[in-house]
Amino acid sequence: MYMIVGASGFLGSYLVDELLKSAQEKIIAVYHNRKGSQQDKRITWVKCDITCDCDMDALNRQFPDKDKKVVFLTACHNPDVVYGNPRFAWHINVVSLANFINKLDNVAGLIYTSTDAVYGNSIDGYKYIESSTLHPVNIYGRQKALAEQVVVSYGYHVVRLPFMIGHSLAAGKGHFYDDIISALRSGKEIEMFVDSYRSTLSFRQAARYILRAFDFIQAAPGFPHIINLCADQGISKYDVGIMVAKKLGAREELIKPACLAENKTIFKSPRADTTIMDNTLMKKWYGLKTVTFDVNSC
């Protein structure tokens, strides 16, 4: 049995989709506000507020099954929201996570999705390895770094993810990728940062790598408790836009370069200009020679 906590979000929807394609086990799809659109006899959608003890106790009673494989996605993700409401975000990102892990029984493995925001700025193209000293530039990154420690202290696993992009499978909620597609198809220009680099993956790629990690967790006790799941090289959002235009056969000149350095005021919270992760450990465990952002999987 798989339990996806935050199953109706962008990445959660892809995890459910991948499980429907590749696994025969039951899927417990946990959501808070908006139920996902995927329907299958193997999926049970469960409304649960992880900040509520009663909801957590009910979840445990409803699914006492042994050997649950859990992916925990729920978080207050937007750095600006965290910056404006740090106590609210703390309760979700740290306190409720710890309470969830402490209450949940019969877990065969738990993967917590973290972020490259725990690292900070990559200076002169530096690639962060898992053991790098963490220098998060905002409250969101600091909260996620602390949440990682909670997860690892229980013997569970953390995957650090980069910027992710792809067509939204989440019911009633579009993603930035969908905005790019819409603009290109209507012949409208869209600005994308050319001076900020991330180790980008598609949601589809990230979902596949996360689910495959359960095979290693179950078969190999030495699987690292923290691992970067990312592409080999950092690319800019402008690069991503050009790739999407090529995929569609649209006019590449509609993707207009913008500079993050000149647009600092668009974000309330500080953000790293560039964060590039090293994926040597990932490639070793997954038996991969290269990992590139696959625009065709978006």
ask   = Taking the six-membered ring of Tyr209, is the NZ or CZ of Arg212 close enough (under 6.0 Å from the centre) and on axis enough (within 45°)?
value =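 Checked: cation-pi criterion not met.
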Under 4.5 Å between side-chain heavy atoms, hopping through other hydrophobics if needed: is there a path connecting [X] to [Y]?
X      : Y      : result
Leu211 : Ile28  : no
Met192 : Tyr177 : yes
Met3   : Leu110 : yes
Ile226 : Val150 : yes
Leu201 : Leu73  : yes

Looking at [X] and [Y], does any basic side-chain N land under 4.0 Å from a carboxylate oxygen?
X      : Y      : result
Arg160 : Glu130 : no
Asp55  : Lys47  : no
Lys256 : Glu191 : no
Asp17  : Arg204 : yes

Quick one: [atom1] on [X] to [atom2] on [Y], what's the gap to the nearest 0.5 Å?
X      : Y      : atom1 : atom2 : value
Leu260 : Ser196 : CG    : OG    : 5.5 Å
Cys52  : Ile50  : SG    : CD1   : 11.0 Å
Met164 : Thr200 : CE    : OG1   : 10.0 Å
Lys41  : Lys26  : NZ    : NZ    : 13.5 Å

Regarding [X] and [Y], is there a side-chain donor-to-acceptor distance under 3.5 Å anywhere?
X      : Y      : value
Asp278 : Asn228 : no
Ser182 : Asp179 : no
Tyr197 : Lys237 : no
Ser202 : Tyr14  : no
Asn106 : Asp67  : no

ask   = Would you say Ile27 and Thr44 make side-chain contact, with heavy atoms under 4.5 Å?
value =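 They are not in side-chain contact.
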Ignoring hydrogens and geometry, is there a side-chain-to-backbone donor-acceptor pair from [X] to [Y] under 3.5 Å?
X      : Y      : value
Lys69  : Met1   : no
Asn102 : Asn99  : no
Asp80  : Lys268 : yes
Ser122 : Ile276 : yes
Glu148 : Ser114 : no

request  = Identify, with sequence neighbours excluded, every residue that meets ring-ring contact (aromatic ring centres under 6.0 Å, His included) alongside Tyr119.
outcome  = Tyr128
request  = State which residues pass ring-ring contact (aromatic ring centres under 6.0 Å, His included) with His167; sequence neighbours excluded, sorted by chain then number.
outcome  =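 ring-ring contact (aromatic ring centres under 6.0 Å, His included) list for His167, sorted by chain: empty.
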task = Sequence neighbours left out, what pairs pass ring pair (Phe, Tyr, Trp, His ring centres under 6.0 Å) with at least one residue falling in residues 56-99?
result = Phe72-Phe100
request  = Carefully, step by step, assess Asn121 and Tyr126 under the rule side chain to side chain donor-acceptor pair (under 3.5 Å).
outcome  = CA-CA 9 Å; Asn121 268 306; Tyr126 176 75; over 6 Å; no
query = Yes or no on ring pair (Phe, Tyr, Trp, His ring centres under 6.0 Å) for His157 and Tyr112, after CA distance, side-chain angles and deciding distance?
reply = CA-CA 6 Å; His157 294 80; Tyr112 172 74; over 10 Å; no
query = Parallel, tilted or perpendicular: which describes the rings of Phe203 and His175, with under 30° parallel and over 60° perpendicular?
reply = perpendicular
query = Which of parallel (below 30°), tilted (30 to 60°) and perpendicular (above 60°) describes Tyr286 and Phe216?
reply =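 If you compare the ring of Tyr286 with that of Phe216, the planes turn out perpendicular.
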query = Crowded around Lys284 NZ? As in, over 12 foreign heavy atoms under 6.0 Å?
reply = no
